[in-house]
Q: 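Below is one structure. I have some questions about it.
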Amino acid sequence: MKLSEEYSIKVAALQSAEHQLTVDLLKRITPDIWLDVLIYFEHNLQQSSAAALYDALFEKGTDFAANVYLNEEDYTFFIDKIRTILARYAAINPHAWVELGLQHILCRRHVVEKEKASLYLNRGIDAGVEWARPLYLYYNYLGLLADIDRDIAKAELDALALGGDLWGIAYAAHIDVWTDKYEEVFDRIQLLKQSPERKILRHYYEALQFYYARKEDKGKRLQTLEEGIAMAESRYCRFVLNEIKRAEAASIGEQELLVPEYRELFEYGMMDAAVQIALIKLQALDNNREKQDFEEPLWYLQKAYDYNNNYAGYRLACLYLYQEAVQDIEKGLSLLRLLDEKDRYVEAQVELAEILLEGRFLPRNEKSAFLRFSAMAEKNIAYAKLRMGNMVESGYDGVAPDYKTAFAYYQDAATDKLPQALYQVGRYLKYGIHGEEPDLAAALPYFEEAAGYNNATALTEMGLAAELKSEPDYKLAFDYFSRAADLGYPYAYYLKGIYLENDYHQSGAPQPKAAFTAFEIGANMQELNSIYELARCYRGGIGTEINLDRMIALYQQAAERNHVQALTDLGLCYEYGYGLNQDTFKAQENIKKAADLGFPYATYVLGRYYLTGLVQKDAAHGLQLLEEAAQKNVAEALLLLGDYFFFDYDQLEEYDKGFDYYTRAEKLGYLTEGIGMCYEFGVGVEVHPAKAFGYYKQAAERGNQQASYRLARCYYFGIGTEIDKAASFGYFMEVAQQGNVYASYFVAVQLLEGDGIPMDLRDGVEWLMKAAEADHAEAQYKLANCYLMGDGVEENEDLALEWFERAADNGHEDAIRLTKKTRK
């Protein structure tokens, strides 16, 4: 049955005396009898009981519970009926003018009439209703009405408060508590506490709890909320208390226990409560969501939007646009346009501008997006200024980037303390992007302020700044990186992982597993550096098992995004067949790409390829590339150039040049046997055996095999040091075990001759055999003699002759004479 028909039937029943009202007006009027009370009120406007009926119907807010579930047709009848009755009653009780004004603005959006709301509120003012003027000014300040400039409205409200007007004090306090004047609010509202009027007392507790929120005094705030509920029946205090409980809830299940309280508040007309119900319901949904799962949250959001909650409309639009299960792009865009054009709702305006910029649901139109942001910026919307800065910085709609103008936009947005704008100003100052000299000192206050708002990029910059202090504070840097990572900033996960792996922050020990986890999280967020580092973990078994397949897959993923180290490592894997099939062409292809992107180490590797002819030999081009890498202090390039000249790869006979390259590499902390050999043989420098010995020793201690061999020779022959055959044997053996043929020969000689060590003919012959089989001519000749004389092996003239011949084939003079062969 339609509500209009039900109303007519009830009116007829009352008029025929078949209906009698028996209601306790001190209790809340429930929805099932609210209509009966309204009818009784309408037919008894002239009676003394009308005041109590009016209070029960409207002052206690029970009208929302009666209309919130009505369909649109019934609601239209309902609101029209209420307005008609209030207009009649206002002639008797002027307070009804204010209520009538509210019924034209605190109603469903399709029947909002702001002009009539202003008209009736002003009638209440003219009739002397004490709270009409403060309320009217407050609504103009909030933008619910638009009759008076908001600054003028606030000034007049302040004047009322200064004059001791309790309602002026109450409404001014609700504004000032969110400004830098909040400290003054506490003393000012104490007058409200003495008022016998419950509505005034309600404002006292509501303003006071905000004050304690600003003071960050949770205990006092909770106490105030409880008192506001008990002493003034403040529904807003109930809502805030529920919000605090929701914030502290440990699970979605605990949040769902709060829904009944939110629902009751929603029925009192608090549309923010409807939004919270929707958000809880949405949060409770799992990943496998169907359309029917969204029915309840959509209903609450739609209802809140119907009652002018613009945020609910915005969330509703986003669901229709971005939630696949209920996607309705036309409906979502239509909602955004309504919120933009009719309500000037900023979030909707921003969303539409972003959609135009992205070109997702509408054709991409950078110019229109910029014009939208520009219009919002003129209204002092900080986010719009930030986005204008972003667009001007990157260039839009064919307009070239303008860094100075972008910087000005960022500065303007930063005055409103927008964290990302503060960060951008700091970034420009740190790197001098706007054409000025870089100034880290000037940038730091901006980074610090943005970090105070938990801006992840600013926290990361603060961490990087901590590394650059005159006395670097790596513990502080790690703390900043960790905080930024906890906020979900991908790059911070990479930095955190680096610290954990190397224990830069001196926590006590490296934490490879934690580092692996950090890199993995960053990689899952597609952070490029983390992808590379995760590949490195799989390569070296850092915090995980070695997994060459995963390593290659991650190298390829990073290489596709032109990560130069990944390209280089992938190229080297192709070169050596590590983790995949050897492919020299692909090796060079990846290395060249990294070199072309400016990675010096890749330039060195590419130079090595051309010099050695991995794919195509071009010594001149190889040397050019190696020189380029050497100029950028790539030590490996310097060492290779040193070897090139010292060992005279191309018979240029420019041996002395090698010493300069070796010396430059040594200054960078890189040593091979090369510089020692220069001093040993006087190549590019005066002969200095002691220095040769010293350099061999340093290089050997760093794991250089050839240097260890040269050091062994120094001990064996007394080059730059005293002869120490025991020491020489130790070094020869170490290097021989790594496959060095020459060292194997010396190990054999010392064992066979008992030279500085106990003689062991059998072991000596084994080592001699290894060197001989590797075509070491002297080892072959000596092995032949062992077979001839039966030293460490059984005499065997045939084998002796075979080894003499092999030694002769390798140019051994004595073997040649013995076998009467000519040198080949």
Side-chain angles (χ1 to χ4, degrees), residues 59 61 94-106 112-215 224 228 232 234-237 239-240 269-270 272 308 310 343-344 346 379-381 416:
E59 293 295 329
H95 283 81
W97 289 124
V98 179
E99 181 62 36
L100 183 56
L102 295 178
Q103 292 288 350
H104 280 83
I105 196 169
L106 302 182
V112 167
E113 295 181 78
K114 292 185 178 182
E115 295 81 5
K116 287 188 176 180
S118 294
L119 171 68
Y120 294 126
L121 286 174
N122 275 294
R123 286 188 181 177
I125 294 169
D126 294 340
V129 177
E130 64 276 14
W131 60 295
R133 181 67 179 170
L135 178 65
Y136 176 70
L137 294 171
Y138 183 63
Y139 276 13
N140 273 279
Y141 176 83
L142 294 180
L144 293 174
L145 298 175
D147 304 332
I148 307 173
D149 179 83
R150 69 194 307 266
D151 292 332
I152 294 173
K154 180 60 167 64
E156 291 189 25
L157 197 56
D158 287 340
L160 287 174
L162 237 110
D165 183 290
L166 294 182
W167 288 101
I169 292 170
Y171 286 117
H174 283 303
I175 298 170
D176 289 340
V177 79
W178 297 110
T179 70
D180 55 5
K181 294 182 179 181
Y182 80 93
E183 290 283 10
E184 303 170 16
V185 169
F186 181 83
D187 290 332
R188 207 186 312 150
I189 63 175
Q190 294 309 308
L191 280 173
L192 305 181
K193 191 176 183 181
Q194 312 306 319
S195 174
E197 193 168 344
R198 181 164 287 180
K199 286 172 69 175
I200 290 282
L201 193 59
R202 193 178 301 144
H203 282 289
Y204 165 75
Y205 285 111
E206 290 169 4
L208 184 62
Q209 68 87 21
F210 277 130
Y211 167 78
Y212 284 126
R214 291 297 307 274
K215 296 286 285 183
T224 301
S234 169
R235 289 187 286 274
Y236 190 75
C237 286
F239 175 76
V240 173
M270 296 191 69
D272 283 341
N308 306 296
N310 290 329
D343 301 291
R344 300 289 183 262
V346 171
K379 297 176 183 176
N380 206 32
I381 305 300
D416 290 317

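FYI, side chains are in, hydrogens and waters are out, and symmetry mates aren't considered; it's all heavy atoms of this structure. Just so we're clear, the structure is a prediction, and the values are computed from it rather than from any experiment.
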Q: Determine the minimum heavy-atom distance between P134 and L160, stating which atoms define it.
A: CG-CD1, 4.0 Å
Q: Quick one: list whatever passes salt bridge (Lys or Arg N to Asp or Glu O under 4.0 Å) with D416, sequence neighbours left out.
A: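 Here the qualifying residues are K385.
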Q: If you look at every heavy atom in E206 and Q209, which pair is closest and at what distance?
A: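 Scanning both residues, the minimum pair turns out to be O-CG, 3.2 Å.
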Q: Minimum heavy-atom separation for I189 to Y204, with atom names?
A: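 Here I189 and Y204 meet closest at O-CD1, 3.2 Å.
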Q: Using the test salt bridge (Lys or Arg N to Asp or Glu O under 4.0 Å), find all partners of K199 that sit at least two apart in sequence or belong to another chain.
A: E59
Q: Does any pair with a residue in residues 169-198 pass ring pair (Phe, Tyr, Trp, His ring centres under 6.0 Å), and if so which ones, sequence neighbours excluded?
A: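 Qualifying pairs, neighbours excluded: Y138-Y171, Y171-H203, H174-H203, W178-F210, F186-Y211.
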Q: Would you give the length of the straight line joining atom CG of L166 to atom CD1 of I200, rounded to the nearest 0.5 angstrom?
A: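 Going from CG on L166 over to CD1 on I200, the span is 5.0 Å.
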Q: Applying side chain to side chain donor-acceptor pair (under 3.5 Å), name anything that partners N308, two or more places apart in sequence or on another chain.
A: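 N308: no side chain to side chain donor-acceptor pair (under 3.5 Å) contacts found.
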Q: Of all residues at least two apart in sequence or in a different chain, which pass the side chain to side chain donor-acceptor pair (under 3.5 Å) check with N122?
A: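 N122 satisfies side chain to side chain donor-acceptor pair (under 3.5 Å) with no residue once adjacent residues are dropped.
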Q: Under the rule for salt bridge (Lys or Arg N to Asp or Glu O under 4.0 Å), what residues qualify as partners of R214, not counting sequence neighbours?
A: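 Partners of R214 under the salt bridge (Lys or Arg N to Asp or Glu O under 4.0 Å) test: none.
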Q: Looking only at heavy atoms, which two atoms of R202 and S234 are closest? And how far apart?
A: CG-CB, 3.6 Å
Q: Measure across V177 and A207 and return the closest heavy-atom pair with its distance rounded to 0.1 Å.
A: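 Looking at all heavy atoms of both residues, the shortest contact is CG2-O, 4.1 Å.
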Q: Partners of S195 by side chain to side chain donor-acceptor pair (under 3.5 Å), sequence neighbours excluded?
A: none
Q: Listing request: all salt bridge (Lys or Arg N to Asp or Glu O under 4.0 Å) pairs with a residue in residues 116-126, at least two apart in sequence or in separate chains.
A: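 Sorted pair list: E113-K116.
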Q: Could you please spell out the steps behind the side chain to side chain contact (heavy atoms under 4.5 Å, CB included) verdict for L137 and Y141?
A: CA-CA 6 Å; L137 294 171; Y141 176 83; over 6 Å; no
Q: In a table with atom names and distances, give each donor-acceptor pair under 3.5 Å that connects a side chain of residues 94-101 to protein atoms at least two apart or in another chain.
A:
{"unit_1": "H95", "atom_1": "ND1", "unit_2": "N93", "atom_2": "OD1", "d": "3.3"}
{"unit_1": "E99", "atom_1": "OE2", "unit_2": "Q103", "atom_2": "NE2", "d": "3.0"}

Q: What is the minimum heavy-atom distance between A153 and N140, and which atoms define it?
A: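 Result for this residue pair: CB-CB, 4.1 Å.
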Q: Supply the atom-to-atom distance L157 CG to D176 CG, rounded to the nearest 0.5 angstrom.
A: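 So the CG of L157 and the CG of D176 are separated by 8.5 Å.
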Q: Could you walk me through whether D272 and Y236 pass the side chain to side chain contact (heavy atoms under 4.5 Å, CB included) check?
A: CA-CA 10 Å; D272 283 341; Y236 190 75; 5.7 Å; no
Q: Quick one: which residue pairs count as a salt bridge (Lys or Arg N to Asp or Glu O under 4.0 Å) with a foot in residues 130-144, not counting sequence neighbours?
A: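 Counting only pairs at least two positions apart or across chains, the salt bridge (Lys or Arg N to Asp or Glu O under 4.0 Å) contacts touching residues 130-144 are R133-E156.
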Q: Applying side chain to side chain donor-acceptor pair (under 3.5 Å), can you list everything that pairs with K181, at least two apart in sequence or on another chain?
A: none
Q: To the nearest 0.5 Å, what is the distance between NZ (K114) and CG (L119)?
A: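 Taking NZ in K114 and CG in L119, the distance rounds to 16.0 Å.
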Q: Test of understanding: with salt bridge (Lys or Arg N to Asp or Glu O under 4.0 Å), list the residues that count as partners of D158, not counting sequence neighbours.
A: K154
Q: How far does CD1 of I105 sit from CG of L145, to the nearest 0.5 angstrom?
A: 4.0 Å
